[in-house]
Amino acid sequence: MKPSIPRGTRDFGPAEMQKRQYIFNIIKTNFQLFGYAPIETPTMENITTLTGKYGEEGDQLIFKVLNSRIHESKDDKKELLKKEFITSLEKSYNSELLTEKALRYDLTVPFARYVVMNHHALTYPFKRYQIQPVWRADKPQKGRYREFYQCDADVIGSDSLVNELELIAMMDKSFAELKILVIVKFNNRKILSGIAEILNASDKIIDITVAIDKLDKIGKDGVIKELQSKEISAEAITKLEPLIDLSGTNDAKVSVLKTFLASSEIGKKGIEEIEFLLTNLSSINIKHINVELDITLARGLNYYTGTIFEAKADSGTFTPSILGGGRYDDLTGIFGLKGLSGVGISFGVDRIYDVMEELNLFPESVNKVSTTKILLVNFGEAELMYCVSLAAKLRAAGINAEVYPDVVKKVSKQFEYADKKQIPYVGVVGSNEMTNKTIMLKTMATGEQQELSVENLVNALK
RNA sequence: GUAGAUGUAGCUCAGUUGGUUAGAGCAUCGGUUUGUGGUACCGAGGGUCGAGGGUUCGAGCCCCUUCAUUUACCCCA
């Protein structure tokens with residue numbers, strides 16, 4: 001049988017893992033620096049926990065898990081199962097008889113569920129970080145995987161926009177350390193609600209935001225066409241035009257919005273929030289990222305209610321969003337705990353990796369196949385055991401050491417092993433070294449070698 | 001779902017208007033070299049040409065069907 005893995009999934013070899021861990025470490029360090037504590041949640045959630053939170057499209061992308069042991073069902077239940085299966089073939093339909101579990105789609109909803117279940121034990125505002133894979137039943141493409149890691153940091157139980165500010169500061173620091181030039185776009189769902197209100201099209205808010213969101217790709221005419229196809233009135237489209245044309249500095253955009261949204265309470269609230277962030281950006285001393293107000297930013301997830309974030313690399317040809325996030329005022333409400341507002345961001349490690357790979361942003365130090373410092377080469381059975389005890393001494397001194405575990409006809413094979421694993425030193429042990437209680441230390445890069453006592457060997461490698 | 005591209009050795013790919021025994025590089029193994037790798041040279045093994053059907057004296061190449069991979073749309077990290 002020819003081996004394969006499900007599409008949209010990947011194996012990561014040692015070389016890739018070194019680079020991935022480099023990214024994870026930077027993000028994790030920054031999460032902790034800002035006071036977030038780690039949690040993990042199960043791979044599977046009850047499907048009812050997930051459905052209805054990600055929008056219509058999102059719900060379709062949830063990986064469902066077939067209930068186990070359905071073949072052991074009683075006959076009358078089997079009849080019901082057959083009916084349910086046929087129904088699910090004909091329309092989008094969730095049958096808990098068939099699937100009551102699903103793989104997590106993101107980390108935010110499981111987090112909200114966790115908060116509600118552990119409400120009594122948490123200290124608010126509760127700040128948590130979570131680094132785990134998520135699954136989406138998407139068609140894989142460039143930069144789009146069916147299994148990928150998210151690195152989330154969320155604060156729940158605080159309305160303060162200071163949380164948003166600190167999240168921006170954390171993005172700045174993280175992307176600076178990763179050396180990725182990034183443009184962080186932000187917007188506010190309240191602005192979008194305000195716009196829909198002004199246009200008398202509150203029921204069409206999703207259609208409108210999705211259309212505006214495509215401005216980059218399809219241009220102004222394309223957006224207008226899309227709006228028309230969604231049965232937005234001509235009058236509303238005319239009203240909307242100044243916003244489609246919106247450009248210039250963040251401040252210039254705000255002043256246009258102020259006029260446009262003057263008669264919308266929710267819109268004015270959104271502007272207030274945006275102004276708070278803009279005027280206080282200076283106090284967090286951003287050095288690396290570009291922060292830009294973009295009213296075409298919509299984001300598909302249903303649960304966002306306030307600030308929304310998205311970050312993209314600002315150079316290279318591969319520029320999908322590598323971070324997303326926002327404020328959700330009542331995600332816990334669905335699980336029965338009202339009045340807890342949360343805000344968070346999510347780094348997409350897999351795309352960050354792709355971007356860094358394209359732009360060659362990994363430091364030389366992570367481009368190693370192995371962290372072994374010395375390989376002990378043997379010339380026979382007795383020498384091999386001498387190597388084993390020697391390795392123990394090296395490791396006791398904190399030196400990464402490997403023993404070549406076989407006795408092979410050609411010693412060159414052992415050197416080849418060291419060479420392929422890019423191990424910088426080789427310790428050769430033959431009968432001479434054994435009688436002298438020494439080791440021949442060879443520096444692979446230069447080919448130089450010298451005979452050393454065990455103590456001198458440890459010192460030389462330290 | 002819709003549209004395009006691609007499936008040939010373990011990997012990356014050549015393969016002419018259809019013509020004898022399907023090739024290369026890398027990788028693997030062996031040798032030049034029984035106390036020394038990365039270089040060089042010599043040699044070896046490895047293929048139901050994605051699958052099924054058709055056209056033809058003859059198909060890796062043309063036609064049909066099907067499967068897989070991949071890119072774009074939609075949506076998203």
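For the numbers below, each heavy atom of this structure counts, side chains included, while hydrogens, waters and symmetry mates do not.
Within the nucleic acid shown, A:E433 comes within 4.0 Å of at least one base atom, counting heavy atoms only. At a threshold of 4.0 angstrom between heavy atoms, the contacts of A:L323 are confined to the sugar-phosphate backbone, with no base atom among them. A:Y149 comes within 4.0 angstrom of no nucleic acid atom, judged by non-hydrogen atoms across all strands. Heavy atoms of A:Q414 sit nowhere under 4.0 angstrom from any nucleic acid atom. As judged by a 4.0 angstrom heavy-atom cut-off over every strand, A:G447 is placed among the base-contacting residues. Nucleic acid contact for A:Q150: sugar-phosphate only, since backbone atoms but no base atoms lie under 4.0 Å from a heavy atom of the residue. Counting any heavy atom pair closer than 4.0 Å across all strands shown, A:V411 reaches no nucleic acid atom. As judged by a 4.0 angstrom heavy-atom cut-off over every strand, A:P140 is placed among residues touching the sugar-phosphate backbone only.
Under the Watson-Crick and G-U wobble criteria, each requiring two contacts below 3.5 Å, nucleotide B:U12 is paired to B:A24. Under the Watson-Crick and G-U wobble criteria, each requiring two contacts below 3.5 Å, nucleotide B:A40 is paired to B:U32. Base pairing analysis places B:G7 opposite B:C67; the two distances defining the Watson-Crick or G-U wobble pair are each below 3.5 Å. As the counterpart of B:G19, B:C57 is assigned, both hydrogen-bonding distances of the Watson-Crick or G-U wobble pattern falling under 3.5 Å. In a base pair of the Watson-Crick type (N1 to N3 plus N6-O4 or O6-N4) or a G-U wobble (N1-O2 and O6-N3), with each distance short of 3.5 Å, B:A72 is matched with B:U2.
Atom C1' of nucleotide B:A77 and atom CZ of A:R20 are separated by 12 Å, given to the nearest angstrom. Between the CE atom of A:M171 and the P atom of B:A77 there is a distance of 13 Å, rounded to whole Å. Atom OH in A:Y105 sits about 7 Å away from atom P in B:C76, given to the nearest Å. Between the CG atom of A:L297 and the P atom of B:C75 there is a distance of 13 Å, given to the nearest Å. Atom CZ in A:F175 sits about 13 Å away from atom P in B:A77, given to the nearest Å. Rounded to an integer number of Å, the gap from A:I5 CD1 to B:U69 C1' is 12 Å. In this structure, the CZ atom of A:F309 is 18 Å from the C1' atom of B:C76, given to the nearest Å. Straight-line distance from the CG atom of A:L61 to the P atom of B:G1: 14 Å, rounded to whole Å.
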Start with the C-alpha gap between A:N436 and A:E451, add the side-chain angles, then the distance that decides, and say whether side chain to side chain donor-acceptor pair (under 3.5 Å) holds.
-> CA-CA 10 Å; A:N436 299 343; A:E451 197 171 346; 3.0 Å; yes

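Checked by distance alone, A:K142 brings no side-chain donor or acceptor within 3.5 Å of a matching partner on the base of B:U71. Judged by distance alone with a 3.5 Å cut-off, no donor-acceptor contact links the side chain of A:K420 to the base of B:G38. Between the side chain of A:D419 and the base of B:G37, a donor-acceptor pair under 3.5 Å is found.
Stacking annotation: A:F148 is stacked on the base of B:A77 (ring centroids less than 5.5 angstrom apart, interplanar angle below 30 degrees).
Both A:S321 and A:G430 lie near RNA chain B, and the one whose nearest nucleotide falls closer to the 5' end is A:G430. Comparing A:E57 and A:E310 against RNA chain B, the residue whose closest nucleotide sits nearer the 5' end is A:E57.
Side-chain N/O atoms of A:K413 include one lying less than 4.0 angstrom from OP1 or OP2 on B:C29. Proximity of A:Q141 to the phosphate of B:A72: a side-chain N or O atom is located under 4.0 Å from OP1 or OP2. For the pair A:K409 and B:G30, the criterion of a side-chain N or O lying under 4.0 Å from OP1 or OP2 is not met.
Among the nucleotides B:G35, B:A77, B:U36, the one closest to any side-chain atom of A:N432 is B:G35. Distance from the side chain of A:K410 is smallest to B:U33 among B:G37, B:U33, B:A77. Closest approach to the A:R136 side chain among B:A77, B:A72, B:C75 is made by B:A77 (side chain taken as heavy atoms from C-beta onward). When the nucleotides B:U36, B:G37, B:C76 are ranked by their closest atom to the side chain of A:R144, B:C76 comes out on top. In this structure, of B:U28, B:A77, B:U69, it is B:A77 that holds the atom nearest to the side chain of A:Y145. Considering only the side chain of A:K139, B:A72 comes nearest among B:C75, B:A72, B:U28.
Nucleotides B:G30 and B:G45 place their C1' atoms 10 Å apart, quoted to the nearest Å. Using P as the reference atom, B:G7 and B:A51 are 13 Å apart when rounded to the nearest Å. Rounded to the nearest Å, the gap between the C1' atom of B:C13 and that of B:U20 is 25 Å. Between the C1' atoms of B:U21 and B:G35, the separation comes to 46 Å (whole Å). Distance check on atom P: B:G15 versus B:G60 gives 16 Å, rounded to whole Å. Comparing the C1' positions of B:G50 and B:C57 gives a spacing of 28 Å, expressed to the nearest Å. Rounded to whole Å, the separation between the C1' atoms of B:G10 and B:G46 comes to 9 Å. Taking atom P in both B:G54 and B:U16, the straight-line distance is 25 Å, to the nearest Å.
Between A:F347 and A:F175, the ring center distance clears the sub-6.0 Å criterion.
Both the sub-6.0 Å distance and the 45° axial angle are satisfied by A:R128 relative to the ring of A:F111.
A:Q130 and A:T41 share a side-chain donor-acceptor pair at under 3.5 Å.
Using a 4.0 Å cut-off between charged nitrogen and carboxylate oxygen, A:R20 and A:D350 count as a salt-bridge pair. Ion pair A:K373/A:E402 not flagged as a salt bridge, since none of the NZ, NE, NH1 or NH2 atoms sits closer than 4.0 Å to an Asp/Glu carboxylate oxygen. Between A:K190 and A:E273, at least one side-chain nitrogen of the basic residue sits less than 4.0 Å from a carboxylate oxygen of the acidic one, meeting the salt-bridge criterion. Taking 4.0 Å as the cut-off between side-chain N and carboxylate O, A:K101 and A:E45 do not count as a salt-bridged pair.
The shortest side-chain heavy-atom distance between A:K127 and A:D154 does not fall under the 4.5 Å cut-off.
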